[in-house]
Amino acid sequence: MKKRGICVIRTKTTTGVLVGIIGVLVLILVINLTSYKNTHERKDIILHRFNKMDVDRLNEMVQRHKNGKGDYLMLIPPIIDGGYWIHDVHSNGREVTWTIDSTRDVMSSEHGKQVYKCKRISMDETKDFYVYTLNQCDNKGEESIAIFSLLKEDVWLR
């Protein structure tokens, strides 16, 4: 009789431990899945809608550079007349390299690539625009370069 009682206690203990382990594993799985989703959403690197989410991602890149962290974005603004002007933006946390490639725009008078290497990037908000500005650029002295701007009205409509 005693043996049977000990077996029942051991079985209940083993079952309790297994249920606890399964519970912890399920919790870890849920945490990993939700944190992967947030990381994946934040890591969008090709911006082409220029809605609020894209502006937030662009602002995140600016902030990461200010914090000394690297980032990379490719901006593909809507076509106005002609072809695409693709902006490649690389930051290693110390320097921003902003490349504007207009080679796909056959109508452009500025056919080619323009490369800017700068120490600082900022976002300035005016009444109507979000303006991204490069500062302390190679061969530009103290000149500020308003490199990219978005009309707020367009951002909120998309």
Side-chain angles (χ1 to χ4, degrees), residues 19-158:
V19 167
I21 290 172
I22 291 170
V24 169
L25 291 174
V26 167
L27 181 64
I28 290 170
L29 180 63
V30 167
I31 290 171
N32 281 338
L33 289 176
T34 57
S35 64
Y36 172 75
K37 181 180 176 188
N38 292 337
T39 301
H40 181 68
E41 287 173 359
R42 188 189 68 76
K43 290 298 180 187
D44 287 341
I45 61 168
I46 299 174
L47 307 182
H48 59 91
R49 291 181 190 91
F50 298 102
N51 55 15
K52 180 68 172 123
M53 205 159 76
D54 283 359
V55 169
D56 288 345
R57 180 65 180 96
L58 192 51
N59 291 342
E60 179 186 350
M61 192 263 325
V62 170
Q63 190 59 48
R64 286 180 57 83
H65 181 76
K66 287 180 181 178
N67 293 337
K69 296 179 181 174
D71 209 342
Y72 170 74
L73 291 176
M74 177 182 286
L75 314 176
I76 307 174
I79 296 174
I80 294 172
D81 186 23
Y84 290 103
W85 283 37
I86 297 175
H87 298 245
D88 280 310
V89 186
H90 296 263
S91 167
N92 62 12
R94 294 178 309 280
E95 182 178 73
V96 175
T97 303
W98 193 299
T99 304
I100 303 172
D101 180 356
S102 62
T103 58
R104 291 165 187 83
D105 185 356
V106 295
M107 303 298 285
S108 175
S109 61
E110 300 176 34
H111 203 69
K113 291 185 181 183
Q114 299 169 315
V115 179
Y116 300 92
K117 292 186 180 217
C118 308
K119 301 289 183 226
R120 292 184 43 223
I121 184 171
S122 61
M123 190 280 286
D124 300 304
E125 189 171 343
T126 68
K127 179 183 172 208
D128 297 319
F129 289 92
Y130 299 108
V131 181
Y132 296 88
T133 305
L134 299 174
N135 292 295
Q136 298 177 357
C137 301
D138 292 353
N139 304 319
K140 298 292 182 183
E142 292 302 312
E143 178 185 353
S144 293
I145 302 167
I147 194 80
F148 194 75
S149 63
L150 294 166
L151 185 62
K152 286 181 178 181
E153 182 179 309
D154 289 346
V155 169
W156 291 104
L157 290 176
R158 293 181 183 154

Measure the spacing between [atom1] of [X] and [atom2] of [Y] and express it to the nearest 0.5 Å.
| X | Y | atom1 | atom2 | answer |
| --- | --- | --- | --- | --- |
| K113 | T103 | NZ | OG1 | 6.0 Å |
| H87 | Q114 | NE2 | CD | 9.0 Å |
| H48 | I86 | NE2 | CD1 | 12.0 Å |
| E143 | L134 | CD | CG | 10.5 Å |
| D128 | S149 | CG | OG | 11.0 Å |

Just jot down the side-chain hydrogen bond (donor to acceptor under 3.5 Å, both in side chains) partners of D56, sequence neighbours excluded, or say none.
K52

Suppose we screen for side-chain hydrogen bond (donor to acceptor under 3.5 Å, both in side chains). Which residues come up paired with Y72, at least two apart in sequence or across chains?
D88

What is the minimum heavy-atom distance between S91 and G93, and which atoms define it?
OG-N, 3.1 Å

Which heavy atom in V131 sits nearest to a heavy atom in A146, and how many Å separate them?
CG1-CB, 4.0 Å

Salt-bridge present (D71, R64; N to O < 4.0 Å)
yes

Which is it for N59 and Y132 under the side-chain contact (heavy atoms from CB on, under 4.5 Å) test, yes or no, and what are the steps along the way?
CA-CA 9 Å; N59 291 342; Y132 296 88; 2.7 Å; yes

Expected output: side-chain [X] to main-chain [Y] donor-acceptor under 3.5 Å:
| X | Y | result |
| --- | --- | --- |
| D54 | L47 | no |
| R57 | D44 | yes |
| S102 | G112 | yes |

Under the rule for side-chain contact (heavy atoms from CB on, under 4.5 Å), what residues qualify as partners of E125, not counting sequence neighbours?
M123, Y130, K152

Which is it for I147 and I121 under the side-chain contact (heavy atoms from CB on, under 4.5 Å) test, yes or no, and what are the steps along the way?
CA-CA 10 Å; I147 194 80; I121 184 171; 5.6 Å; no

Worked check of side-chain contact (heavy atoms from CB on, under 4.5 Å) between M61 and V96
CA-CA 10 Å; M61 192 263 325; V96 175; 5.5 Å; no

Any chance CG of N139 has more than 12 other-residue heavy atoms, nucleotides or ligands included, within less than 6.0 Å?
no

Please, which pairs that meet disulfide bond (SG atoms under 2.5 Å apart) have at least one residue in residues 114-153, sequence neighbours excluded?
C118-C137

Can you classify the ring geometry of F50 versus F148 as parallel (below 30°), tilted (30 to 60°) or perpendicular (above 60°)?
tilted

Ring pair (Phe, Tyr, Trp, His ring centres under 6.0 Å) partners of Y116, counting only residues at least two apart:
none

Enumerate the residue pairs fulfilling salt bridge (Lys or Arg N to Asp or Glu O under 4.0 Å) with a member in residues 91-103, sequence neighbours excluded, ordered by first and then second residue.
E95-K119, D101-R104

